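Report on the following structure.
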Amino acid sequence: MGHTLGAVELREMVRTAIAYGKTRSIPLAPSVMTIPASNYVDPWRFEVEVERIFKRLPLMLAPSAEIPRPGDYKAMEVAGVPVLITRGQDGVVRTFLNACSHRGANLTTEPTGNAKRFVCPYHGWTFDQQGALRGVASAEEFGEVDKDCYSLRTLPTTERSGLIWVVLDRNSTVDFDTFLSGYDALLERFGFKDWHFQSSRVIKGPNWKVAYDGYLDYYHIPVLHRETFGPDMLNQAIYSAFGPHQRVQFPLREYSELEATPEDAWTDETLLSGVWTIFPHISIASFGGGGRGVMISQLLPGATVGESLTTQMYLMQTPPEGPEIKAAEEQFAFLRRVVEDEDYTTGLALQKALKAGALDKVTFGRNESGAQRFHGWVDKVIATDDADLNALFAG
Ligand code: FES
């Protein structure tokens, strides 16, 4: 079933990339766009973005493959909020605030693990995978408490297409389907729920939007990445938008072979090529080498406006074996180097320049319609009240 979902749209996007490849052109935004440079350096603006974007919208916090077995969990801090994502014995993923209902201690500080129960490391209260309080240490001396009132606090969570989305606002009424705008049906084609979580790394970067601009940007590829993977690549991108989410493709220069192949024989590599971004903070990039894999980059705002943290997660369609392991790890090390030494080194320096007041505005060309659309969505979400968010994403 997963392999038919979205097939029509995926083929249509390949046809579009073929058409633009033939004419060596790309669709252009109507005009050049500027935004205030202060959007990247103003601490007040940063607080607003964290509160109104990261704390209100569904965030893709983990691929299913990171917690595949019953009892698996992942603990992380997201925009200052401690969360605990668990997979119960029933296979259902639930997310809790990682705070014991006694006095608020983190229930675990291990980033990932497997547990039937969580025993609070402070005084030893015990919670099950559904978040219910099961045991109070020295209960008789502690005194009477109504256990039903001491469950862990649950956050809205959905698992689909092998990815797990969580909303940090436990009272949120944002509808996952409306927010995802059908994009999850396209991502389903990857089949991530059966993939293998190989490894992950964390990289420090500049303001989260400086970093995210880079994932949407093919304009820089042959220039900034001239020493690594870029010299033979185009600086052109085609963006396909599904609500606020955007898939990025190159125009296909090598189209003749594809045109000679029946469309239903087009491979997943063709249908899923390029970068898949998930608003507001995820990029999924396909690559080969050592078996079929993707790098999922998860950007989170850091402690201040000039900082972000990116977790690079490497998923492989099948677990690498023998010499494939070395090849895969070399590929990951290469991708880390490219992002850290080229993209983020550039981003950190431009962040400094913007902080120093070097520019009043930053500019996105007609060929950078992906970033234009992204910043448009950032502004729209910030300006929208809670009650109107679903209407915003419904278009
Ligand atoms: Fe958890 Fe006291 S804070 S048992």
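Count residues from 1 along the sequence. Worth saying up front: this structure is predicted, and the values here are computed from it rather than measured. First listed ligand is number 1; within each ligand, the first listed atom is number 1.
- With rounding to the nearest 0.5 Å, the separation of CZ in R160 from CZ in F176 is 7.5 Å.
- A salt bridge links D379 with R45; the closest basic N to acidic carboxylate O contact falls under 4.0 Å.
- Classification of E340 and R201 as a salt-bridged pair fails, no side-chain N sitting under 4.0 Å from a carboxylate O.
- Remark: T304 engages E307 in a side-chain hydrogen bond (donor to acceptor under 3.5 Å, both in side chains) (not counting sequence neighbours).
- Atoms OH and CG, on Y122 and N106 in that order, are 12.5 Å from each other to the nearest 0.5 Å.
- One finds no salt bridge joining K193 and E159 here, because no Lys/Arg side-chain nitrogen approaches an Asp/Glu carboxylate oxygen to under 4.0 Å.
- At a cut-off of 2.8 Å, measuring from atom 2 (Fe) of ligand 1, the protein N, O or S atoms that fall short of it are H102 ND1, H123 ND1, waters left aside.
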